Amino acid sequence: MALTVLTACAGPYQYYEGTGFHDATAAEVAGGWEDVEGTRVVLRKDGTALFERLDGQKFDFEDGWRLSGPGTWQLTDDDGGQDVRLALTARTRVESRPPETATDTSTLEPPSTYAWSFYVDRDQHDELKPFFFYGDPDIGNTYVMTRETGVSPR
């Protein structure tokens with residue numbers, strides 16, 4: 001009976017290992033990315049990055065903070081597929097999502113540094129689609145970035 005209870009807590013996304021894609025290049029990942037909530041991420045060819053209003057991933061998303069500042073990025077590859085690893089090195093601004101999307105806004109001070117890991121996927125047009133899971137991993141909510149038009153990766 002105890003085994004049943006333990007396995008019932010593990011949803012299909014809790015142990016997600018990747019998309020299986022191994023063909024993205026750093027040059028293809030570099031550039032501007034955005035989401036529908038006003039997040040903007042610029043990944044420069046030299047490995048530096050600029051983050052604007054980037055939400056926390058997994059359960060950190062529920063805290064409601066959105067971080068901005070400079071950082072770094074790198075494209076990594078393992079058996080499960082490729083990831084884009086982002087690191088905020090110095091928080092310059094904190095914003096909050098509207099209360100209806102943030103479930104726990106009374107937590108501790110938002111972090112001054114933070115790390116994200118975006119899975120690398122492709123859409124039906126073979127365009128990159130970086131994403132991460134947010135909230136309860138049993139639910140499988142995805143935070144998807146799309147290519148920003150007109151931005152040079154420098």
Side-chain angles (χ1 to χ4, degrees), residues 6 8-19 21 24 26-78 80-123 127-154:
L6 290 175
C9 295
Y13 303 101
Q14 189 166 357
Y15 301 109
Y16 187 79
E17 294 190 24
T19 61
F21 285 100
E28 187 179 18
V29 173
W33 298 91
E34 62 188 357
D35 82 344
V36 296
E37 298 294 324
T39 295
R40 183 169 178 259
V41 174
V42 177
L43 306 176
R44 297 184 187 105
K45 290 179 183 178
D46 66 0
T48 62
L50 179 63
F51 311 116
E52 296 177 8
R53 296 179 299 279
L54 188 52
D55 297 284
Q57 66 183 64
K58 300 181 183 173
F59 284 113
D60 290 339
F61 182 85
E62 296 173 359
D63 293 341
W65 45 256
R66 308 184 84 200
L67 302 176
S68 297
T72 61
W73 73 278
Q74 67 178 359
L75 179 64
T76 64
D77 198 342
D78 60 30
Q82 292 175 298
D83 299 312
V84 178
R85 306 270 169 104
L86 309 179
L88 176 76
T89 55
R91 182 186 74 202
T92 59
R93 189 172 71 236
V94 175
E95 295 179 35
S96 296
R97 280 194 324 281
E100 59 273 7
T101 61
T103 58
D104 185 7
T105 58
S106 64
T107 61
L108 303 172
E109 175 74 15
S112 58
T113 62
Y114 194 79
W116 295 265
S117 184
F118 282 80
Y119 294 105
V120 176
D121 200 1
R122 293 195 180 270
D123 66 14
E127 298 294 323
L128 288 184
K129 184 179 79 171
F131 72 95
F132 64 74
F133 292 107
Y134 68 88
D136 185 338
D138 291 336
I139 296 173
N141 291 321
T142 56
Y143 191 97
V144 179
M145 301 295 286
T146 58
R147 179 69 70 185
E148 188 176 50
T149 56
V151 174
S152 171
R154 287 193 230 159

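Owing to the predicted nature of the structure, the values given are computational and were not obtained by experimental measurement.
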Check Glu62 against Asp136 and note the closest heavy-atom contact, atom names and distance. OE2-N, 3.8 Å
Heavy-atom closest pair, residues Phe132 and Gly56: CE1-O, 3.7 Å
Between CD of Glu52 and CZ of Arg93, what distance do you get to the nearest 0.5 Å? 6.0 Å
Leu88 and its side chain to side chain contact (heavy atoms under 4.5 Å, CB included) partner, picked from Thr72, Leu50, Leu67: Leu67
Spacing of CG belonging to Leu86 relative to CG belonging to Leu54, to within rounding of 0.5 Å: 7.0 Å
Does any non-hydrogen side-chain atom of Arg91 lie less than 4.5 Å from one of Tyr114? no
Considering residues at least two apart in sequence or located in another chain, which fulfil the side-chain contact (heavy atoms from CB on, under 4.5 Å) criterion with Arg122? Phe21, Asp23, Ala24, Glu28, Asp126, Leu128
Distance (rounded to the nearest 0.5 Å) between Thr39 OG1 and Met145 CE: 5.5 Å
Straight-line distance of Asp35 CG to Tyr143 OH, nearest 0.5 Å: 4.0 Å
Can you list everything that forms a side-chain hydrogen bond (donor to acceptor under 3.5 Å, both in side chains) with Thr146? Sequence neighbours excluded, please. none
Aromatic ring proximity Phe51/Trp116, centre distance under 6.0 Å: yes
Of all heavy-atom pairs linking Phe61 and Gly135, the shortest is CB-N, 4.1 Å
Rounded to the nearest 0.5 Å, what separates atom CD in Glu17 from atom CG in Asp78? 8.5 Å
Pairing of Arg40 and Glu148 as salt bridge, 4.0 angstrom limit: yes
At their closest point, which heavy atom of Thr48 faces which heavy atom of Asp46, and how far apart are they? OG1-OD1, 2.6 Å
Between Arg97 and Arg66, is there a donor-acceptor pair closer than 3.5 Å when you use the side chain of the first and the backbone of the second? no
Give, for atom OH of Tyr119 and atom CG of Asp83, the distance between the pair rounded to the nearest 0.5 Å. 6.5 Å
With distance as the sole criterion, is a donor-acceptor pair present between the side chains of Tyr134 and Asp55 under 3.5 Å? no
Under the 6.0 Å and 45° cation-pi test, does Arg85 pair with Trp73? no
When Asn141, Thr19, Val120 are each screened for side chain to side chain contact (heavy atoms under 4.5 Å, CB included) with Phe131, the one that passes is Thr19
Between Lys45 and Ala30, the two heavy atoms sitting closest are CG-CB, 4.0 Å
Is it true that a side-chain atom of Thr113 and a backbone atom of Thr89 form a donor plus acceptor pair closer than 3.5 Å? no
Note: Thr92 and Pro70 closest approach over all heavy atoms is CG2-CD, 3.8 Å
